[in-house]
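Order of listing sets the numbers, starting from 1, for every ligand and every atom in it.
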Amino acid sequence: MSGHEQRVAFSTELKQRRQNLLNDLPPDTVVLLRGASLVTRSNDTEYPFRQTSDFYYLTGINEPDAWLLMVSGKKPREYLFVLPRDAEQEVWHGRRLGTEQAGLISGIRQVYELNELNRKVLNALGQHRQLAWSFKVDSAQGQHRQRWLDKLAASRNLTTPGTLIDLDPLIHELRLFKSDYEIKLMRESAKIAVQAHRRAMSMCQPGRYEYQIAADIHHEFATQGTAGPAYGTICGSGENACILHYTENTSRLQEGDLLLIDAGCEYQGYASDITRTFPVGGRFSAAQKRMYSWVLKAQQAAIEHIKPGNTLPQAYKIAAKILTEGLIDLGVLSGSVSENMKSVAYRPYFMHGLGHWLGLDVHDVGAYKVNGEPRPLEPGMVLTIEPGLYIPPGTQCNELYQGVGVRIEDDILVTAQGHENLTRGVPVEIEDIEHLMQPGSFT
Ligand code: GLY
Ligand code: MN
Ligand code: MN
């Protein structure tokens with residue numbers, strides 16, 4: 001596809017998303033959504049800009065301080081508000097889109113500079129009875145809203161909206177189902193993360209540091225044109241693997257230890273999220289093989305369960321039962337599988353969920369329950385499957401298992417036929433991992 005065709009495809013997709021949202025609303029509803037602003041990192045420097053996922057989903061605009069205003073109905077209206085072009089500001093802080101570019105990207109015809117926002121919003125609010133906006137509000141946005149509502153209340157000609165609708169669940173329901181356009185980007189995000197994990201696995205050596213392995217991962221993310229990691233990269237060797245969100249990555253890798261890497265990138269907004277656990281020295285010990293094999297068995301069985309109509313809690317139960325069998329086999333638990341399942345005895349050793357939705361956010365949005373019941377899976381959903389076993393030091397069991405953490409995580413697309421594992425390119429079988437870790441195997 002040429003650059004022009006890509007831009008047209010993107011703006012067509014964005015128009016469809018906005019149309020889908022407006023179709024979910026009663027006619028004559030005003031929709032108001034604000035994009036992200038820059039956030040101070042220290043003194044007068046800011047974090048790199050990250051648009052809110054909802055705003056990006058609907059507009060494709062990747063610039064601070066933008067607003068989207070729409071009105072639903074037979075003749076829907078759409079307005080976008082962006083920062084004005086400003087030669088001096090742009091010399092210091094970088095190019096701004098301006099109204100023309102923002103219109104081309106988003107496919108919105110009526111694009112204004114921000115100084116038009118108040119007038120247009122008051123006009124729209126004053127003429128319609130329903131207003132849909134996010135019920136989650138930060139203080140900057142709260143001030144804007146209060147000013148508008150106060151103005152409306154004080155006006156003789158305008159009325160305040162009588163019905164408020166929470167926009168978040170409506171957008172999040174749309175975001176849960178990935179379009180073909182999104183799936184293509186998620187495949188690419190997954191592919192880059194796969195390559196990064198393969199690289200890290202092949203470059204792992206006793207004596208290197210966890211941060212150096214993280215750098216190997218980030219090298220791949222950076223050179224493949226991603227925005228970087230989609231979340232803090234976890235490189236936990238030895239006991240560090242038992243800390244779920246370990247991101248210090250400061251320890252030296254020891255021969256005989258396992259290394260757990262949980263890393264994914266953000267490509268064109270879309271996250272990947274992969275975990276692999278492998279031996280620092282390239283060969284699993286017998287004890288490591290035994291523990292690892294239980295987690296792998298749990299993961300594969302849970303993935304097998306992913307298909308339309310089945311639910312995530314069902315897959316969780318399948319994984320938890322296999323992990324319980326594993327904990328009994330390793331001597332961490334005693335008694336029968338059913339007794340241990342009933343008392344949830346595995347919980348101290350598998351203390352997180354089985355997986356989560358994946359998309360523009362690594363822990364993506366979308367309801368997990370519908371009418372109080374677990375939601376049946378449907379084609380177009382993408383989720384992770386990531387069981388683990390973490391045996392804290394001091395646990396009453398063979399010391400070979402103490403202080404060992406294993407997690408295996410893949411990104412799974414639900415398809416009409418069942419599922420597709422988007423991240424299967426990183427070895428997961430013991431022999432395949434050991435093979436890739438031999439010198440000269442990485443390509
Ligand atoms: N990396 C965060 C998670 O796996 O959920
Ligand atoms: Mn995850
Ligand atoms: Mn993860």
### Message
Contact between Asp54 and His172 at the side-chain level, heavy atoms closer than 4.5 Å - yes or no?
### Response
yes

### Task
Please examine the side chains of Ile412 and Thr384, heavy atoms only from C-beta on, and report whether any two atoms are closer than 4.5 Å.
no

### Message
Heavy-atom distances under 4.0 Å decide this one: backbone, side chain, both or neither, for Ile234 against ligand 1?
### Response
neither

### Message
Does Glu90 have more than 12 heavy atoms from other residues, nucleotides or ligands lying within 6.0 Å of its CD?
### Response
yes

## Note on the structure
Counting from 1 in the order shown, the ligand 1 atoms closer than 4.0 Å to a non-hydrogen atom of His363 are 2 (C), 3 (C), 5 (O)

### Query
Can you list the residues that meet the side chain to side chain contact (heavy atoms under 4.5 Å, CB included) rule with Lys289, with sequence neighbours excluded?
Phe284, Ile430, Glu434

#### Entry: Residue pair Gln224 / Thr226, side-chain donor-acceptor N/O under 3.5 Å
no

### Message
Quick test of your reading of the model: are Arg276 and Asp410 salt-bridged, counting only N-O distances below 4.0 Å?
### Response
yes

### Query
What protein atoms of element N, O or S are positioned under 2.8 Å from the Mn ion (ligand 2)?
Asp273 OD2, His356 NE2, Glu386 OE2, Glu409 OE2

### Message
Could you tell me, atom by atom, which parts of ligand 1 come under 4.0 Å of a heavy atom of Glu409?
### Response
4 (O)

### Query
Judging by distance only, is a nitrogen or oxygen of His356 under 3.5 angstrom from one on ligand 1?
yes

### Query
Quick check: does any side chain N or O of His419 sit under 3.5 Å from a backbone N or O of Glu304, one acting as donor and the other as acceptor?
no

### Query
Is Val362 near ligand 1, meaning one of its heavy atoms is under 4.0 Å from it?
no

### Query
Heavy atoms, side chains only, cut-off 4.5 Å: are Leu14 and Thr59 in contact?
no

